[in-house]
Peer 1: 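Can you keep this structure in mind? I'll have questions shortly.
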Protein chains: 2
Amino acid sequence: MPDDARRPAAEPGRLSAEERFRKLYAELRGRICLLDYPPGTKLGEEALAAEFGVSRTPVRRVLARLSDEGLVEARHGVGTIVTDVDARELSDVYALRMELAQLAGTLSPRPVTAAIRAEARDFVDRSETLVARPDPRDFATLNMDFFDFGLRLCGNAALAETSERLYYQTARIWLQTIPRLDLRREATSFAQEIRQVAAALDADDPSAAALVRRAHISMSYRRLTTEA
Amino acid sequence: MPDDARRPAAEPGRLSAEERFRKLYAELRGRICLLDYPPGTKLGEEALAAEFGVSRTPVRRVLARLSDEGLVEARHGVGTIVTDVDARELSDVYALRMELAQLAGTLSPRPVTAAIRAEARDFVDRSETLVARPDPRDFATLNMDFFDFGLRLCGNAALAETSERLYYQTARIWLQTIPRLDLRREATSFAQEIRQVAAALDADDPSAAALVRRAHISMSYRRLTTEA
DNA sequence: TCCCGGCATGTTGTGTACAACCTCGGCCAA
DNA sequence: TTGGCCGAGGTTGTACACAACATGCCGGGA
């Protein structure tokens with residue numbers, strides 16, 4: 001047996017501590033950003049611990065990180081509350097996100113491989129499906145997936161981590177505002193963005209792709225603040 | 001007694017939980033960045049708990065945040081180790097820091113008040129004192145203080161938080177490299193930076209101050225990587 | 001009727017014991 | 001001599017009990 005030598009953590013059923021942490025963190029962050037936990041929701045540590053079959057300790061570890069990132073706020077004796085995004089924070093984060101999106105094209109972009117172009121075409125297909133039958137939650141999910149895809153185009157790890165952090169910090173206000181927006185127009189605009197990004201990648205021009213993304217972040221913010 | 005009405009948390013001796021957390025976090029981050037804990041040091045939770053007179057629980061909360069920020073790495077069964085900064089991470093972070101430093105001048109800069117100008121002059125004095133008698137640790141401390149000062153010039157909270165995070169992520173490599181650098185020249189260059197920033201603030205031109213800072217980050221990185 | 005003080009209840013913060021895990025040294029056998 | 005096994009010691013991860021704290025209700029007094 002030359003392969004499965006000393007490998008105590010290789011059992012598929014058992015997850016390591018860090019793996020469990022990542023799972024739980026991603027799950028809770030997703031629920032917050034998809035408004036399964038709208039702002040103001042009280043996240044009881046005991047309730048979460050019971051749901052996930054662990055004690056309060058690992059749950060608290062995850063909530064502490066979410067608190068550091070500003071997604072929740074723990075108040076002694078009250079509860080851990082999902083925060084709301086105020087206009088000022090929204091403005092600051094979007095202004096910075098625009099700049100970072102552009103920088104992703106110039107700060108050590110990754111070479112555009114055939115696999116990446118194929119993935120981009122998949123996103124084009126998904127966006128067309130979305131335009132045909134718009135749905136807020138599908139929209140938000142596709143948006144997150146496409147954002148993660150964009151992160152992988154960036155060779156600067158610090159820039160990628162920062163962009164991700166900022167994205168999830170305000171991602172939920174879009175779902176909060178969508179009832180007052182034109183969903184079909186939003187979907188069309190998003191599909192355009194994806195098509196243009198795919199075209200730029202086909203032309204092996206990551207810088208152009210980054211500029212497209214910056215432009216659409218800007219326009220999305222405009223629609224968000226003027227029509228809500 | 002119209003002033004001290006219902007204020008249970010106003011007692012000066014007792015610190016709230018969040019206050020204690022901030023204190024401990026700042027203390028440990030400072031020790032790491034000032035190389036009191038050089039890379040590779042094992043930070044025993046029990047030892048820290050004993051030193052600060054608390055249990056392992058709040059210590060673990062602080063170490064978890066330091067771990068999220070990449071300053072330490074917790075290994076099950078081994079210990080919590082102070083991480084080292086590798087060349088790749090250093091390059092990425094510095095490239096991003098340069099851009100962010102420039103953005104601080106254009107993305108909603110704060111108005112330059114008389115108090116700020118006075119503070120800048122104080123930094124000029126301190127830098128001259130440092131040039132007269134250079135000392136690595138004093139240098140690093142002044143650098144941190146001046147950085148914190150620069151953060152307060154930025155009206156964009158997201159940009160300020162991001163810049164701070166990135167700064168402390170790689171701040172320690174400077175102290176690690178200084179034995180192989182010309183300390184006097186580093187001090188002179190830093191004093192020039194402070195003077196130029198103060199001049200730009202006197203001229204009510206935060207954008208120029210930001211450009212100066214970007215230029216000095218770039219030069220500092222060049223000296224760091226070429227002569228070490 | 002209104003105000004206010006105290007208590008019951010539920011929540012997060014802390015302390016502590018134990019489980020899971022890694023490292024290192026000694027010991028035995030080839 | 002050398003290779004590997006294995007057990008002791010020490011560390012982080014987890015579970016749980018209790019302390020600290022905030023909130024809302026209820027009852028009494030003005």
Peer 1: Round to a whole Å and report the spacing from CZ of B/Phe52 to C1' of C/dG13.
Peer 2: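 In whole Å, C/dG13 C1' and B/Phe52 CZ are 19 Å from each other.
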Peer 1: Between A/Glu119 and A/Arg152, does any side-chain N to carboxylate O distance fall below 4.0 Å?
Peer 2: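 Judged by the 4.0 Å cut-off on N to carboxylate O distance, A/Glu119 and A/Arg152 do form a salt bridge.
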Peer 1: Hey, are A/Glu27 and A/Arg31 close enough for a salt bridge, meaning a charged N less than 4.0 Å from a carboxylate O?
Peer 2: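 Looking at A/Glu27 and A/Arg31, the cut-off is met.
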Peer 1: Touch check for B/Ile81, heavy atoms < 4.0 angstrom, all strands: base, sugar-phosphate only, or nothing?
Peer 2: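 Touches nothing.
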Peer 1: Side chains of A/Ser67 and B/Arg65 only: does a donor on one sit below 3.5 Å from an acceptor on the other?
Peer 2: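 Looking only at side-chain atoms, B/Arg65 and A/Ser67 do not form any donor-acceptor pair under 3.5 Å.
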Peer 1: Is B/Ser55 close enough to C/dT14 that one of its side-chain N or O atoms is under 4.0 Å from OP1 or OP2 there?
Peer 2: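 Looking at the OP1 and OP2 atoms of C/dT14, neither is under 4.0 Å from any side-chain N or O of B/Ser55.
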Peer 1: Within this structure, what is the CG-CZ distance for the pair A/Leu71 and A/Arg165, rounded to the nearest 0.5 Å?
Peer 2: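 One finds 9.0 Å between CG of A/Leu71 and CZ of A/Arg165.
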Peer 1: Is B/Asp92 paired with B/Arg88 through a side-chain N to carboxylate O contact shorter than 4.0 Å?
Peer 2: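 B/Asp92 and B/Arg88: salt-bridged.
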Peer 1: Is the shortest side-chain N to carboxylate O distance from A/Glu193 to A/Arg213 below 4.0 Å?
Peer 2: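 A/Arg213 and A/Glu193: salt-bridged.
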Peer 1: Take atom CZ of B/Arg65 and atom C1' of C/dG13, then tell me their distance rounded to the nearest Å.
Peer 2: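 Taking atom C1' of C/dG13 as the reference, CZ of B/Arg65 is at 17 Å.
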Peer 1: Separation of A/Glu19 atom CD from D/dT14 atom P, in whole Å?
Peer 2: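 Nearest whole value for this atom pair: 12 Å.
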Peer 1: To the nearest Å, how far apart are A/Glu46 CD and C/dT9 C1'?
Peer 2: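 Value for this atom pair: 14 Å.
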Peer 1: Find which nucleotide of DNA chain D each of A/His76 and A/Val54 is nearest to by heavy atoms, and output the residue with the more 5' nucleotide.
Peer 2: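 Looking at DNA chain D, the more 5' nearest nucleotide goes with A/Val54.
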Peer 1: Closer to the 5' end of DNA chain C via nearest nucleotide, is it A/Leu63 or A/Thr57?
Peer 2: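 By nearest-heavy-atom nucleotide position, the 5'-most residue is A/Leu63.
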Peer 1: Using a cut-off of strictly less than 4.0 Å, decide whether A/Arg75 has a side-chain nitrogen or oxygen near OP1 or OP2 of D/dT23.
Peer 2: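 No, no such contact exists.
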Peer 1: Between A/Glu18 (CD) and D/dT11 (P), how many Å, whole number?
Peer 2: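 Going from CD in A/Glu18 over to P in D/dT11 covers 21 Å.
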Peer 1: Can a donor-acceptor pair under 3.5 Å be found between the side-chain atoms of B/Arg56 and the base atoms of D/dG13?
Peer 2: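 Checked by distance alone, the answer is yes.
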Peer 1: In whole Å, I'd like the distance from the CG atom of B/Leu66 to the P atom of D/dT12.
Peer 2: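 Taking atom P of D/dT12 as the reference, CG of B/Leu66 is at 13 Å.
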Peer 1: Taking 4.0 angstrom as the limit, do A/Arg172 and A/Asp36 come out as a salt bridge?
Peer 2: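 Judged by the 4.0 Å cut-off on N to carboxylate O distance, A/Arg172 and A/Asp36 do not form a salt bridge.
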Peer 1: Expressed as a whole number of angstroms, how long is the span from B/Glu45:CD to C/dG15:P?
Peer 2: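 My rounded result for the distance is 13 Å.
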Peer 1: D/dT12 phosphate, OP1 or OP2: any side-chain N/O from B/Arg60 under 4.0 angstrom?
Peer 2: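 No, outside the criterion.
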Peer 1: Using the 3.5 Å cut-off, write out each protein N or O paired with an N or O of nucleotides 7-10 of chain D and the distance between them.
Peer 2:
unit_1 : atom_1 : unit_2  : atom_2 : d
D/dG10 : N2     : B/Gly77 : O      : 3.1

Peer 1: Expressed as a whole number of angstroms, how long is the span from B/Leu15:CG to D/dA20:C1'?
Peer 2: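 Distance, rounded to whole Å: 15 Å.
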